[in-house]
**Q** 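Structure in structure tokens, see below.
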Amino acid sequence: MKKTLKDINLKNKRVIVRVDFNVPLDANLNVTDDTRIRETLPTINYLKQEGAKIILMAHLGRPKGKVEPKYSLKPAAAKLSQLLGQEVKMAPGCIDTETKKLAMSLNPGEILLLENLRFHPEEEKNDPAFANELASMAEIFVQDAFGTVHRAHSSTEGIAKYLPSCAGLLLEKEIIYFAKALEKPEKTFVAILGGAKVSDKIMVIENLLNKVDALIIGGAMAYTFLKSKGINVGNSLVEQDKLEIAAKLLKKADEKQIRLFLPIDHVISTKIDGSAESQETKGVEILENWMGVDIGKMTLDRISSVILGAKTIIWNGPMGVFEVPKFANGTMTVANLVAQATSAGAVSIIGGGDSVAAVKKAGVSDKISHISTGGGASLELLEGKILPGIAVLPEK
Ligand code: AMP
């Protein structure tokens, strides 16, 4: 267990917190989804309550080491200020004299947000001098940006070497959910994987095959597996160079006696964007010129009892091209099944932008145990990797 905010005396201390404010903006630079900002409120409110002086730091988009006004964190400061009903001071930069002066003059409970860390090329290079400059403004470092802990950057890894450090409340929550599922899952443990590419999830599957009781595979990645079994998949998205590894993974699942569910029927079309006719297959084979765009009803029937019987569920990746409403049934149904299983006592964890969007679209987000704020970071945890931004934090 990592040290957390609750293990440290914060009173009157200048505390620098890495947060994930990488929020989507519209053309007028308004925040269109403030989930990530809201998720940091428990940590910020706790720091306020303990009388800390709060310096927040974050990145937005990919300015690639140059100052670009469209990637300024000003809209995030405005949104946070609105959510807290309190002024959030916006720093002109990250480590300049004016910014440091603002940091040093904070009173307990006041908040300063540094400008986009990635305006500095040093940030992503994990430059020690830059990390040290950031650290020089504070007395304690708190890591609360789960979405960035798989990166070793100055603000996520380097800085922890210069200050007493700990996990924030959001990071703690993320670690607890993933650790419990991956280390001590209540059985039956079911993983549901989908999305576009097998290649992105090979390591996740390898690792999960050592842990789960059942694995459900949908989305485009299912077609590489089906093809590796010699099944005709027509024009469906297949990664030819991954057929061999797909066959190996299927063999491993078999050896380990893991129940592995691939689609047994599909919604098919000739175009992926919904502009052409579509139909349902009566079996697993897909004819020439057609491609699988969603899992079919027989597949859903088969996996529904598996999902409803689960006590631990991890879901990453949609079951079909869910952006197109007529191809979204598989993904929406799975979202509802996971919510239903959770209401019946299962612990459910959802990671990855698309599955998070799907549970929101299905209107069941509040019925999921844990919706992860980090797509990339959660996939790396599922791969069994040690994440540098977590590893660097001291143990309790
Ligand atoms: P990922 O980023 O790997 O989670 O993949 C998400 C994307 O996979 C979404 O944009 C889906 O539209 C896409 N996807 C899911 N199923 C299919 C499919 N059967 N054919 C093509 N794309 C798919």
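Numbering of ligands and ligand atoms starts at 1, following listing order. Being a predicted model, the structure only gives us computed values, none of them experimental. Along the sequence shown, residues are numbered consecutively beginning with 1.
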**Q** Does Lys2 form a side-chain hydrogen bond (donor to acceptor under 3.5 Å, both in side chains) with Gln143? I'd like the steps, not just the answer.
**A** CA-CA 11 Å; Lys2 294 293 177 179; Gln143 173 57 275; over 6 Å; no

**Q** Atoms of ligand 1 less than 4.0 Å from Tyr223 heavy atoms?
**A**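 Near Tyr223, meaning under 4.0 Å from one of its heavy atoms, ligand 1 has 19 (N).
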
**Q** Decide, yes or no, whether a salt bridge links Glu110 with Lys89 under the criterion of side-chain N to carboxylate O below 4.0 Å.
**A**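 Yes, charged N to carboxylate O under 4.0 Å.
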
**Q** At under 4.0 Å between heavy atoms, which part of Lys201 makes contact with ligand 1: side chain, backbone, both or neither?
**A** side chain

**Q** Nearest non-hydrogen contact with atom 14 (N) of ligand 1 belongs to which option: Gly320, Gly219, Gly330?
**A**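 That would be Gly320.
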
**Q** Please verify the inter-ring angle class for Tyr223 with His266; under 30° counts as parallel, over 60° as perpendicular, anything in between as tilted.
**A** tilted

**Q** Side chains of Ser72 and Glu115: do they bring a donor and an acceptor to under 3.5 Å?
**A**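 Yes.
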
**Q** Check this for me: does any side-chain nitrogen of one of Lys53 and Glu139 sit under 4.0 Å from a carboxylate oxygen of the other?
**A**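 The answer is no: the pair does not qualify as a salt bridge.
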
**Q** Are Glu172 and Lys6 side-chain neighbours, meaning at least one heavy-atom pair lies under 4.5 Å?
**A**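 No, too far: nothing below the 4.5 Å cut-off.
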
**Q** Which residue supplies the protein heavy atom nearest to atom 2 (O) of ligand 1, what is that atom called, and how far is it?
**A**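 It is Asp354 OD2, 3.7 Å.
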
**Q** Name the closest protein heavy atom to atom 10 (O) of ligand 1, giving the residue it belongs to and the distance to 0.1 Å.
**A**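 In this structure, atom 10 (O) of ligand 1 has Glu323 OE2, 2.4 Å as its nearest protein heavy atom.
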
**Q** Could you list the atoms of ligand 1 found under 4.0 angstrom from a heavy atom of Val293?
**A**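 Close to Val293: 19 (N).
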
**Q** Taking 4.0 Å as the limit for heavy-atom contacts, which would you say applies to Val321 with ligand 1: side chain only, backbone only, both, or neither?
**A**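 Both of them.
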
**Q** Could you pull out, from Ser355, Ala357, Pro263, Gly292, the option with a heavy atom nearest to atom 19 (N) of ligand 1?
**A** Gly292

**Q** Using a strict threshold of under 4.0 Å (side-chain N to carboxylate O), is an ion pair present between Glu383 and Lys385?
**A**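 Yes, Lys385 and Glu383 are salt-bridged.
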
**Q** Could you tell me which atoms of ligand 1, counted from 1 in the order shown, lie closer than 4.0 angstrom to a heavy atom of Gly195?
**A** 1 (P), 3 (O), 4 (O), 5 (O), 6 (C), 8 (O)

**Q** As a check for students: among Ala222, Ala328, Ala196, Gly351, identify the option with a heavy atom nearest to atom 3 (O) of ligand 1.
**A**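 Minimum heavy-atom distance to atom 3 (O) of ligand 1 goes to Ala196.
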
**Q** Does Ile272 approach ligand 1 within less than 4.0 angstrom via side chain, backbone, both or neither, non-hydrogen atoms only?
**A** side chain

**Q** Whether Lys252 and Glu206 form a salt bridge (side-chain N of Lys/Arg under 4.0 Å from carboxylate O of Asp/Glu) is what I want to check.
**A** yes

**Q** Could you walk me through whether Asp265 and Thr299 pass side-chain hydrogen bond (donor to acceptor under 3.5 Å, both in side chains), step by step?
**A** CA-CA 6 Å; Asp265 65 340; Thr299 306; 2.5 Å; yes

**Q** Going by distance only, is there an N or O of Ala220 that falls short of 3.5 Å from an N or O of ligand 1?
**A** yes

**Q** Please verify whether a non-hydrogen atom of Phe327 lies at under 4.0 Å from ligand 1.
**A** no

